[in-house]
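All values below come from the heavy atoms of this structure, side chains included, with hydrogens, waters and symmetry mates left out. The first residue in the sequence is number 1, and the count goes up from there.
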Amino acid sequence: QVQLVASGGGSVQAGGSLRLSCAGSESIELYGTYCMAWFRQAPGKRREGVASIGRDRRTTYADSVKGRFTISKDNVKNILYLQMTGLKPEDSAMYFCAADLRTCLNAYDQPPPAADFPYWGQGTQVTVSS
């Protein structure tokens with residue numbers, strides 16, 4: 001059973017930066033393959049994929065965050081990160097990390113859909129003011 005704990009959210013002004021972290025209860029590297037991702041959900045909107053990373057280190061990003069956000073994974077510490085720069089008010093949302101013990105199934109070079117992920121961390125709130 002993979003358990004995830006997300007942290008690092010907060011309130012920043014537009015143009016600012018934040019780094020989200022997602023700690024795993026066990027090393028997901030022990031599994032044959034995996035896909036990890038960050039999602040976000042604003043009030044009244046559906047959950048959307050922000051970025052994903054597979055064991056092969058291939059990454060994908062939503063078009064809205066390309067060039068501003070970077071997903072990475074520290075295999076020693078077993079922590080998934082999302083470095084966010086150039087934040088905009090429209091980035092405000094609850095951010096969730098997720099894991100799947102299968103290869104990332106990316107379509108059109110976008111993060112996989114939320115339905116692909118059985119393991120979720122609790123959300124961490126990001127608020128960007130103008």
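With a 4.5 Å cut-off on side-chain heavy atoms, Trp120 and Cys97 do not count as touching. Counting only heavy atoms from C-beta outward, the side chains of Tyr34 and Val2 never approach each other to under 4.5 Å. The side-chain heavy atoms of Arg58 and Asp109, taken from C-beta on, include a pair separated by under 4.5 Å. Under the 4.5 Å side-chain criterion, counting only non-hydrogen atoms from C-beta, Lys73 is not in contact with Ile79. Looking only at side-chain heavy atoms (C-beta outward), Pro118 and Asp100 come within less than 4.5 Å of each other. The shortest side-chain heavy-atom distance between Lys88 and Val128 does not fall under the 4.5 Å cut-off. Looking at Asp91 and Arg68, their side chains come closer than 4.5 Å, going by heavy atoms from C-beta outward. A heavy-atom distance below 4.5 Å is found between the side chains of Asp63 and Gln110.
Residues Trp38 and Phe69 place their aromatic rings such that the two centres sit no closer than 6.0 Å.
Distance check: Gln83 CD to Ser17 OG gives 6.0 Å after rounding to the nearest 0.5 Å. Atom CG of Asp116 sits about 11.5 Å away from atom OG1 of Thr103, to the nearest 0.5 Å. The OG1 atom of Thr127 sits 12.5 Å away from atom CD of Gln13, with the distance rounded to the nearest 0.5 Å. Atom CG of Asp56 sits about 7.0 Å away from atom OG1 of Thr33, to the nearest 0.5 Å. Rounded to the nearest 0.5 Å, atoms CG (Leu4) and CD (Gln122) are 9.0 Å apart. For the atom pair Gln125 CD and Ser92 OG, the distance stands at 7.5 Å (nearest 0.5 Å).
Shortest non-hydrogen contact noted between Pro113 and Phe117 is O-CD1, 3.4 Å. Among all heavy-atom pairs drawn from Gln41 and Lys45, the shortest one is NE2-O, 3.1 Å. Annotation for Pro89 and Ala14: closest pair CD-CB, 4.2 Å, computed over non-hydrogen atoms. Between Ala51 and Tyr61, the shortest heavy-atom distance links the atoms CB-CD2, 3.6 Å.
More than 12 heavy atoms of other residues, nucleotides or ligands lie within 6.0 Å of NZ in Lys66, so this atom counts as buried by the packing criterion. Annotation: Arg46, atom CZ; neighbour count of heavy atoms from other residues, nucleotides and ligands within 6.0 Å does not exceed 12.
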Between Arg47 and Met94, is a side-chain contact (heavy atoms from CB on, under 4.5 Å) present by the stated rule, with each step listed? CA-CA 9 Å; Arg47 189 168 297 189; Met94 188 72 77; over 6 Å; no

Given the rule in the side-chain contact (heavy atoms from CB on, under 4.5 Å) test, do Tyr81 and Arg19 qualify, once you have shown the distances and angles that lead to the verdict? CA-CA 7 Å; Tyr81 296 105; Arg19 187 176 77 163; 3.5 Å; yes

Step by step, work out the side-chain contact (heavy atoms from CB on, under 4.5 Å) result for Cys35 and Arg102. CA-CA 6 Å; Cys35 182; Arg102 300 176 298 174; over 6 Å; no

The test is side-chain contact (heavy atoms from CB on, under 4.5 Å); show your working for Leu20 and Val126 and say whether it passes. CA-CA 9 Å; Leu20 306 183; Val126 172; 4.0 Å; yes

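Hydrophobic clustering places Ile53 together with Met84 (ILVMFWY residues linked when any side-chain heavy atoms are closer than 4.5 Å, directly or through intermediates). A chain of hydrophobic side-chain contacts below 4.5 Å, direct or via other Ile, Leu, Val, Met, Phe, Trp or Tyr residues, connects Met36 to Tyr95. Two different hydrophobic clusters hold Tyr119 and Leu105 under the rule that ILVMFWY side chains link at heavy-atom gaps under 4.5 Å.
Under a cutoff of 6.0 Å and an axis angle of 45°, Arg40 and Phe96 do not form a cation-pi pair.
Arg55 and Asn75 share no donor-acceptor pair across their side chains, judged by distance under 3.5 Å alone. Side-chain contact, Thr60 with Ser52: a donor N or O sits under 3.5 Å from an acceptor N or O.
A donor-acceptor pair under 3.5 Å links the side-chain atoms of Asp74 to the main chain of Lys77, judged by distance alone.
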